[in-house]
Number of protein chains: 2
Amino acid sequence: MPARSQDRTDRRVAVIKALAHPSRLIIAEALQAGEQCVCDLRELVGSDLSTVSKHLTVMREAGLLEMEKRGQNVYYRLRCPCLLSFFECVDSLAPVRRTNGKK
Amino acid sequence: MPARSQDRTDRRVAVIKALAHPSRLIIAEALQAGEQCVCDLRELVGSDLSTVSKHLTVMREAGLLEMEKRGQNVYYRLRCPCLLSFFECVDSLAPVRRTNGKK
DNA sequence: AATTTACTTGGCGAAACAGCCAAGTAAAGA
DNA sequence: TCTTTACTTGGCTGTTTCGCCAAGTAAATT
């Protein structure tokens, strides 16, 4: 594979990985309605604050999120307006259709 | 989180995870042009046949792919026509924009 | 200046994932 | 029927990811 398209693949994978975890997906979905601070997101996903913070770092470094400190809070928001249509597509896939073979 | 929406989240995560690996992403991209048999995909990604087969199982169980045996080959094809627009969205994100803070 | 609040970072053990080899299977061909 | 082809599955080791606790930081408040 040429170096160029490998770069592109790696970047795509980083973004997709940043969504490929229940807590991070929930965060992404929540942020579609607008920015939230870390403590709100912590409450939403219900894990330790440090865990949430690390998830947010993953998402930010993938390019999915922006952060901004205002007052004593840090606010995160989506940089990608197009998640919704993808999720609709994902939801349209039947749970697990067995195409061939039994078992 | 209510059981219902957890199911939905889990299903979404399964689909996203099925794309969150370089080889699997390359496979998904290749299948946008039409079905391919396992041995062609093996050549494309360059790993062991057993490895490719396992990747395909992950993608199929997530609902992304259909399989069909014809002659002596097994053909896989996408069940999801919407990947392209998602990839365009993913590519629109700048590599890693540092929004705030130095370091 | 000391304390509190709202995070981020380091570190570590547990769990999940990846990829190879070897073995199993099922259909096609000799 | 025996062999070959095209996979799939089992098993194992190495790597990555996850989530907690503890410690660090920086801005706001007292």
Side-chain angles (χ1 to χ4, degrees), chain A residues 1 6 9-10 13-28 31 35-62 64-77 96 98-103, chain B residues 1 6 9-10 13-28 31 35-62 64-77 96 98-103:
Chain A
M1 180 164 24
Q6 218 216 9
T9 297
D10 289 347
V13 168
V15 172
I16 296 168
K17 270 191 179 172
L19 291 169
H21 182 283
S23 300
R24 293 197 294 261
L25 185 59
I26 287 168
I27 289 170
L31 293 182
E35 65 174 20
Q36 301 222 36
C37 68
V38 183
C39 55
D40 288 343
L41 296 170
R42 189 215 88 82
E43 190 154 329
L44 179 68
V45 309
S47 335
D48 193 87
L49 190 63
S50 68
T51 300
V52 174
S53 178
K54 282 176 182 173
H55 282 313
L56 291 167
T57 299
V58 169
M59 297 173 81
R60 184 167 47 82
E61 292 190 341
L64 263 178
L65 303 184
E66 286 182 332
M67 75 193 292
E68 186 186 352
K69 183 153 198 174
R70 282 203 318 274
Q72 47 195 343
N73 298 311
V74 177
Y75 292 89
Y76 280 85
R77 56 178 168 268
V96 178
R98 304 219 166 269
T99 307
N100 209 348
K102 59 295 184 73
K103 198 267 179 98
Chain B
M1 186 173 7
Q6 218 215 9
T9 297
D10 289 348
V13 167
V15 172
I16 295 168
K17 271 191 178 171
L19 292 169
H21 184 284
S23 299
R24 293 198 295 259
L25 186 58
I26 287 168
I27 289 170
L31 294 181
E35 64 173 21
Q36 300 221 36
C37 69
V38 184
C39 55
D40 288 343
L41 295 170
R42 188 215 88 82
E43 190 153 330
L44 179 68
V45 309
S47 334
D48 193 87
L49 189 63
S50 68
T51 300
V52 174
S53 178
K54 283 177 182 176
H55 282 314
L56 291 167
T57 299
V58 169
M59 296 173 80
R60 184 168 46 82
E61 291 189 341
L64 263 177
L65 303 184
E66 285 182 334
M67 76 192 293
E68 186 186 351
K69 183 153 198 173
R70 283 206 313 277
Q72 50 196 340
N73 298 313
V74 177
Y75 291 89
Y76 281 86
R77 56 179 169 270
V96 178
R98 302 220 168 270
T99 307
N100 208 350
K102 60 289 181 82
K103 200 266 185 99

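Side chains are part of it too, since the values below use all heavy atoms of this structure and drop only hydrogens, waters and symmetry mates. The structure displayed is predicted, hence computed values, not measured ones.
Scored by the side chain to side chain donor-acceptor pair (under 3.5 Å) test, A/Q72 finds no partners at all (sequence neighbours excluded). Shown here are the side chain to side chain donor-acceptor pair (under 3.5 Å) partners of B/N73, two or more places apart in sequence or in another chain: B/Y75. For B/H55, the side chain to side chain donor-acceptor pair (under 3.5 Å) partners two or more places apart in sequence, or in a different chain, are B/R24. By the side-chain contact (heavy atoms from CB on, under 4.5 Å) test, A/K17 is found to be paired with A/V13, B/A20, residues two or more places apart in sequence or in another chain being considered.
Of the listed nucleotides (C/dA6, C/dT8, D/dT8), D/dT8 has the atom at the smallest distance from the side chain of B/Y76. Nearest nucleotide to the side chain of B/N73, out of C/dT9, C/dC7, D/dA6: D/dA6.
Taking atom CD of residue A/E35 and atom C1' of nucleotide C/dC7, one finds them 16 Å apart after rounding to whole Å. For the pair A/M67 CE and C/dC7 P, the computed distance is 9 Å after rounding to whole Å. Taking atom CD1 of residue B/I27 and atom C1' of nucleotide D/dC7, one finds them 14 Å apart after rounding to whole Å. If you take CZ of B/R60 and C1' of D/dT9, they are 12 Å apart, rounded to a whole angstrom. A/L49 places its CG atom 17 Å from the P atom of D/dC18, with the value rounded to the nearest Å. Atom CZ in A/R42 sits about 14 Å away from atom C1' in D/dC21, given to the nearest Å. When rounded to the nearest whole Å, the span between CG of A/L56 and P of C/dA6 equals 16 Å. For A/M59 and C/dT8, the CE to P distance is 13 Å, given to the nearest whole Å.
Rounding to the nearest 0.5 Å places CG of B/L19 at 5.0 Å from CG of B/L64.
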Quiz item: Could you write nucleotides 17-30 of chain C as a row of B, S and -, 5' to 3', where a protein heavy atom under 4.0 Å of any base atom gives B, of only sugar-phosphate atoms gives S, and otherwise -?
Solution: SSSBBB--------
Let me have the donor-acceptor pairs involving side chains of residues 39-49 of chain B, under 3.5 Å, with sequence neighbours excluded, atom names and distances please.
residue : atom : partner : partner atom : Å
B/R42   : NH1  : B/S47   : O            : 3.1
B/D48   : OD2  : B/S50   : N            : 2.9
B/D48   : OD2  : B/S50   : OG           : 2.7

